Number of protein chains: 2
Amino acid sequence: MSIKHAVLGLLSWQPLSGYDLKKRISSSTAFYWSGNNNQIYKTLIQLQEEGLVTFEEHFQEKGPAKKVYSVTPQGQEELRKWALSTPQVPEVRNTFLIQLAWANELSGEELNSLIDQYDEEVSMHLLMHEEQTRRGSDAPHRTAREAYMWQMISENTTTFLKNELNWARKLRHELKDRPELNSGE
Amino acid sequence: MSIKHAVLGLLSWQPLSGYDLKKRISSSTAFYWSGNNNQIYKTLIQLQEEGLVTFEEHFQEKGPAKKVYSVTPQGQEELRKWALSTPQVPEVRNTFLIQLAWANELSGEELNSLIDQYDEEVSMHLLMHEEQTRRGSDAPHRTAREAYMWQMISENTTTFLKNELNWARKLRHELKDRPELNSGE
DNA sequence: GTAGTCATGTAAGACGTTACATGATTCT
DNA sequence: AGAATCATGTAACGTCTTACATGACTAC
């Protein structure tokens with residue numbers, strides 16, 4: 001499971017409450033995951049039971065008490081161990097490809113419009129990601145290496161999205177230039 | 001949900017049994033999904049209840065009877081409707097990025113080895129995908145356009161994997177060339 | 001006779017999402 | 001007065017995976 005380690009990692013950077021974790025996770029475009037309450041609070045309780053995190057209750061003048069979680073030495077060890085495990089090939093869930101696969105019944109215009117819509121969606125996403133990267137609010141930089149890593153992590157998403165755009169534009173142009181591809185008949 | 005439509009699409013190409021669907025789905029590197037029994041058989045029953053597919057029982061001399069499913073006109077209509085719905089940005093679940101994010105505790109050598117392992121995994125995956133594409137066993141080509149589409153769908157996965165490799169190699173080389181990034185201390 | 005493939009399905013559980021519940025405080 | 005934010009959590013449901021169950025036939 002990687003939610004556990006994502007949470008552990010965030011806490012290893014700085015102690016946070018469940019509420020703050022949620023905000024960080026759901027606002028990040030790089031690792032995108034809804035960051036819903038259910039999983040966050042459950043994961044925190046689980047991590048605590050395993051002795052990988054502890055919490056301190058912070059009472060505030062205004063508002064309810066916070067449970068601020070931080071990583072224990074065992075948690076650090078677990079994080080290090082996990083970081084050394086053999087990496088997996090990323091999973092891509094691209095429903096648009098499935099859509100295209102069965103788009104045989106569509107007219108040439110419908111298909112073009114579909115591709116344009118995809119282009120727009122991806123472009124929008126790219127803009128949002130670049131905007132967020134520029135602000136750089138959620139990246140730790142305890143060391144030069146860590147700062148560089150976070151830059152490269154962000155770049156991974158950027159190049160991924162640009163690759164999608166290139167691909168979609170090639171598709172678009174070839175459909176235009178090759179009239180024999182214009183119909184599904 | 002897109003499993004429903006993936007199944008519907010496969011059946012619109014040619015009638016298949018649950019067992020054959022499973023084989024096709026799980027062997028495909030482009031839309032990768034385990035294609036487990038539970039979901040396939042459930043989806044087929046559900047599609048049938050919705051009137052989007054029908055089945056014929058094929059008795060064979062050898063082995064058990066097959067339920068061969070095919071798409072109804074309503075199913076075709078549903079598929080067309082879905083194919084026109086606005087496309088979504090693909091979801092990428094890249095655990096390696098999370099691993100890197102919290103790799104601050106790792107030594108330079110450990111980090112390099114991690115990146116090399118990632119390179120290897122992705123390269124292997126790319127080879128498998130190219131091999132499968134070359135065989136081209138699972139692509140329909142009822143029209144020139146459909147054949148071209150399937151080629152581009154496969155290319156999407158290829159360029160994605162190549163993008164990952166480029167990114168990993170850049171990371172690898174910059175870590176090598178910039179000694180200030182060598183440690184997490 | 002043991003393992004593998006063909007073919008159908010079920011059970012159990014992990015993983016994920018949306019929405020609701022509660023209660024205080026702050027902003028308009 | 002109504003909405004938004006802070007902060008914790010629960011409920012209900014949907015998705016997805018692993019593993020098991022059954023039974024026949026096939027290959028070594």
Side-chain angles (χ1 to χ4, degrees), chain A residues 1-8 10-11 15-28 31-50 53-69 88-95 98, chain B residues 1-8 10-11 15-28 31-50 53-69 88-95 98:
Chain A
M1 206 226 305
S2 89
I3 291 162
K4 200 173 130 179
H5 295 99
V7 166
L8 214 47
L10 273 166
L11 295 179
L16 289 168
S17 66
Y19 189 82
D20 291 327
L21 272 169
K22 187 201 155 102
K23 276 200 299 187
R24 277 181 186 281
I25 291 172
S26 56
S27 74
S28 156
F31 328 121
Y32 75 161
W33 165 46
S34 79
N36 59 92
N37 291 354
N38 201 331
Q39 271 178 299
I40 287 175
Y41 288 112
K42 266 187 184 163
T43 303
L44 285 171
I45 288 164
Q46 199 192 317
L47 285 171
Q48 191 227 318
E49 282 169 354
E50 292 173 34
V53 301
T54 38
F55 69 91
E56 271 186 18
E57 211 138 8
H58 285 214
F59 299 96
Q60 310 164 101
E61 313 89 65
K62 32 185 173 182
K66 278 185 176 194
K67 289 184 181 174
V68 177
Y69 289 84
Q88 301 299 310
V89 176
E91 277 177 52
V92 183
R93 218 155 285 191
N94 195 335
T95 53
I98 305 179
Chain B
M1 205 230 301
S2 88
I3 291 161
K4 199 172 131 179
H5 295 99
V7 166
L8 215 47
L10 273 165
L11 295 179
L16 289 169
S17 66
Y19 189 82
D20 291 327
L21 273 169
K22 187 202 156 103
K23 275 199 301 185
R24 275 179 188 282
I25 291 172
S26 57
S27 75
S28 155
F31 327 123
Y32 78 161
W33 164 46
S34 79
N36 59 92
N37 291 354
N38 200 331
Q39 270 176 302
I40 287 175
Y41 288 111
K42 267 187 184 162
T43 303
L44 284 172
I45 288 165
Q46 198 192 317
L47 286 171
Q48 191 227 319
E49 281 168 355
E50 292 173 34
V53 301
T54 38
F55 69 91
E56 272 186 18
E57 211 139 10
H58 284 212
F59 299 95
Q60 310 163 102
E61 313 90 65
K62 32 185 172 184
K66 278 183 175 192
K67 289 185 181 174
V68 177
Y69 288 84
Q88 302 299 310
V89 176
E91 277 176 51
V92 183
R93 219 155 284 190
N94 195 337
T95 52
I98 305 178

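Because the structure is a prediction, the values reported are computed rather than measured.
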Trainee: D:dT8 P sits how many Å from A:Leu16 CG, rounded?
Mentor: 11 Å

Trainee: Figure out the CD/P separation between B:Gln46 and C:dG9, and round it to whole Å.
Mentor: 15 Å

Trainee: Applying side chain to side chain contact (heavy atoms under 4.5 Å, CB included), name anything that partners A:Asp20, two or more places apart in sequence or on another chain.
Mentor: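 Per chain and number, A:Asp20 pairs via side chain to side chain contact (heavy atoms under 4.5 Å, CB included) with A:Leu16, A:Ser17, A:Lys23, A:Lys66.
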
Trainee: Taking atom P of C:dA7 as reference, at what distance in whole Å does atom OH of B:Tyr69 sit?
Mentor: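 Rounded to whole Å, this separation is 14 Å.
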
Trainee: Just call it for B:Lys42: base, sugar-phosphate, or nothing, with non-hydrogen atoms closer than 4.0 Å on any strand.
Mentor: nothing

Trainee: Report the distance from atom CD of B:Gln39 to atom P of C:dA14, rounded to the nearest whole Å.
Mentor: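 Going from CD in B:Gln39 over to P in C:dA14 covers 17 Å.
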
Trainee: Would you tabulate the nitrogen or oxygen pairs shorter than 3.5 Å linking the protein to nucleotides 18-24 of chain D?
Mentor:
none

Trainee: A:Lys67 NZ to D:dA7 P: how many Å, rounded?
Mentor: 14 Å

Trainee: Report the distance from atom NZ of A:Lys23 to atom C1' of D:dA7, rounded to the nearest whole Å.
Mentor: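 After rounding, the reported distance stands at 10 Å.
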
Trainee: Identify, between B:Arg93 and B:Tyr41, the residue whose nearest nucleotide on DNA chain C lies closer to the 5' end.
Mentor: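 That would be B:Tyr41.
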
Trainee: Taking the nucleotide of DNA chain C with the closest heavy atom to each, which residue, B:Lys66 or A:Trp33, is nearer the 5' end?
Mentor: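 Counting from the 5' end, the first nearest nucleotide belongs to B:Lys66.
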
Trainee: Are A:Leu21 and A:Leu44 close enough, and set up right, to give a side-chain contact (heavy atoms from CB on, under 4.5 Å), and what steps lead you there?
Mentor: CA-CA 10 Å; A:Leu21 272 169; A:Leu44 285 171; 3.8 Å; yes

Trainee: Output the rounded distance in Å from CD1 (B:Ile45) to P (C:dT10).
Mentor: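 Interatomic distance, CD1 of B:Ile45 to P of C:dT10: 6 Å.
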
